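Structure record follows, encoded as structure tokens.
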Amino acid sequence: MPKGQPTVVPDDGLTTRQRRNRPLVFVHTGIGKGKSTAAFGLALRAWNQGWPIGVFQFVKSAKWKVGEENALRVLGASGEGGTVDWHKMGQGWSWIQRAPEEGEQTNEEKAREGWEQVKRDLAAERYKLYVLDEFAYPLHWGWIDTAEVVSVLKDRPGTQHVVITGRNAPQELVDFADLVTDMSKVKHPMDTGQKGQRGIEW
């Protein structure tokens, strides 16, 4: 794609502008680091364009404070770019499934509740960009039906862009998405026993 030019121009009856402005579905998957980081980088570009942004963090603890959340909340409230709404659901880490305490919703229930909210917001065209962080996990675990997700995204109104992150994205979602990046790992400090550190992992 030299200088941002496509290598193929499809015979789809669309003008260059219509084709250029199609709403996209992104999937950032794979075992490497950087899936969420890339999605939040995209959110920064969307904020700069004045787009309303909805971030939905699936599975990760509501108590977990990530740097991107603080930065995007500040930017969203600045009045200079787009607005940012940040929704957290689930408990514990995305790669550890712990038993809920008595009376507490399970991760699966919270994930389903979050997806229902995403569906309502898509129908209302509430945001221009949706970041569904770690959403690939509930799909991989079978908590949410991938076929339903693909159907909802396929039929979403307007020009709403959706980026989904997480390992093990189902093949059906990968096949449907417009842009798929598989983050591979060559090496990582944790391989040598180094724990995550401030400013790098959060």
Side-chain angles (χ1 to χ4, degrees), residues 25-29 33-47 51-78 81-146 148-149 152-153 156 160-170 173 183 195-202:
V25 172
F26 305 77
V27 172
H28 299 172
T29 192
K33 176 177 169 59
K35 297 179 287 293
S36 296
T37 304
F40 293 134
L42 185 64
L44 287 176
R45 291 179 176 175
W47 171 83
W51 294 1
I53 302 162
V55 178
F56 296 80
Q57 277 198 300
F58 287 80
V59 182
K60 284 182 179 175
S61 173
K63 297 177 182 178
W64 181 242
K65 303 296 184 185
V66 295
E68 295 94 339
E69 177 185 355
N70 184 48
L72 282 167
R73 282 186 184 276
V74 170
L75 288 172
S78 71
T83 58
V84 180
D85 291 333
W86 199 287
H87 310 276
K88 294 181 179 182
M89 55 215 65
Q91 68 238 358
W93 299 103
S94 53
W95 53 89
I96 299 175
Q97 299 180 55
R98 69 168 175 82
E101 296 177 7
E102 186 176 350
E104 182 181 38
Q105 280 185 308
T106 64
N107 278 344
E108 181 174 355
E109 289 169 337
K110 287 189 176 184
R112 287 179 177 168
E113 183 179 276
W115 169 237
E116 290 301 317
Q117 183 60 52
V118 170
K119 288 197 296 184
R120 288 190 291 269
D121 288 341
L122 284 168
E125 298 184 57
R126 184 171 182 185
Y127 304 110
K128 179 81 169 178
L129 176 69
Y130 296 72
V131 178
L132 309 188
D133 190 36
E134 311 289 8
F135 190 52
Y137 286 97
L139 301 181
H140 175 67
W141 292 330
W143 293 353
I144 297 170
D145 181 53
T146 301
E148 180 195 351
V149 170
V152 168
L153 294 179
R156 71 193 187 282
Q160 302 177 95
H161 302 280
V162 180
V163 54
I164 295 170
T165 74
R167 297 185 181 196
N168 302 309
L173 178 64
M183 305 281 189
K195 291 186 176 182
Q197 59 179 296
R198 293 177 183 272
I200 304 298
E201 270 73 38
W202 70 90

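Residue numbers start at 1 and run along the sequence shown. What you see is a predicted model, and the numbers here were worked out from it, not measured in a lab.
- Listed by chain and residue number, nothing satisfies the salt bridge (Lys or Arg N to Asp or Glu O under 4.0 Å) test with Arg45 (two or more places apart in sequence, or in another chain).
- Residues passing the salt bridge (Lys or Arg N to Asp or Glu O under 4.0 Å) test with Arg167: none are found, sequence neighbours excluded.
- Taking OG1 of Thr165 as the reference point, atom CD of Gln57 lies at 8.5 Å (rounded to 0.5 Å).
- Rounding to the nearest 0.5 Å places CG of Leu75 at 12.0 Å from OG1 of Thr83.
- For Lys119, the salt bridge (Lys or Arg N to Asp or Glu O under 4.0 Å) test picks out Glu116, Glu148, with sequence neighbours left out.
- Under the rule for a salt bridge (Lys or Arg N to Asp or Glu O under 4.0 Å), the partners of Asp85 that lie at least two apart in sequence or sit in another chain are Arg126.
- Here the closest non-hydrogen pair linking Val84 and Gly76 is CG2-CA, 3.8 Å.
- Across Gly166 and Tyr137, no two heavy atoms sit closer than the pair CA-CE1, 4.0 Å.
- A pairwise comparison of heavy atoms in Ala46 and Leu129 identifies CB-CD2, 3.7 Å as the closest pair.
- Every side chain to side chain contact (heavy atoms under 4.5 Å, CB included) that Gln160 has, sequence neighbours left out, goes to Leu122, Glu125, Tyr130, Arg156, Pro157.
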- Message: Would Leu72 and Leu44 count as a side chain to side chain contact (heavy atoms under 4.5 Å, CB included) here? Give the steps.
- Response: CA-CA 8 Å; Leu72 282 167; Leu44 287 176; 3.8 Å; yes

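- For Ala38, the side chain to side chain contact (heavy atoms under 4.5 Å, CB included) criterion is met by His28, Met183, not counting sequence neighbours.
- Every side chain to side chain contact (heavy atoms under 4.5 Å, CB included) that Ser78 has, sequence neighbours left out, goes to Trp47, Glu80.
- One finds the CD1 atom of Ile164 at 14.0 Å from the NZ atom of Lys35 (value rounded to the nearest 0.5 Å).
- Partners of Trp51 under the ring pair (Phe, Tyr, Trp, His ring centres under 6.0 Å) rule, at least two apart in sequence or in another chain, are His161.
- With sequence neighbours excluded, the residues satisfying ring pair (Phe, Tyr, Trp, His ring centres under 6.0 Å) with Phe135 are Phe58, Trp115.
- Considering only residues two or more places apart in sequence or on other chains, Thr146 meets the side chain to side chain contact (heavy atoms under 4.5 Å, CB included) condition with Leu139, Val150, Pro170, Glu172, Leu173.
- The two residues Thr29 and Ala169 have their closest heavy-atom pair at OG1-N, 3.2 Å.
- Shortest non-hydrogen contact noted between Trp143 and Ala111 is CE3-CB, 3.9 Å.
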- Item | Intermediate values then yes/no, side chain to side chain contact (heavy atoms under 4.5 Å, CB included), Asp121 and Phe56 | CA-CA 11 Å; Asp121 288 341; Phe56 296 80; 3.3 Å; yes

- Message: Run Thr37 and Glu68 through side chain to side chain contact (heavy atoms under 4.5 Å, CB included) and show every step you take.
- Response: CA-CA 8 Å; Thr37 304; Glu68 295 94 339; 4.1 Å; yes

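- The two residues Val131 and Ala43 come nearest to each other via the heavy atoms CG2-CB, 4.4 Å.
- For Phe40, the ring pair (Phe, Tyr, Trp, His ring centres under 6.0 Å) partners two or more places apart in sequence, or in a different chain, are Trp86.
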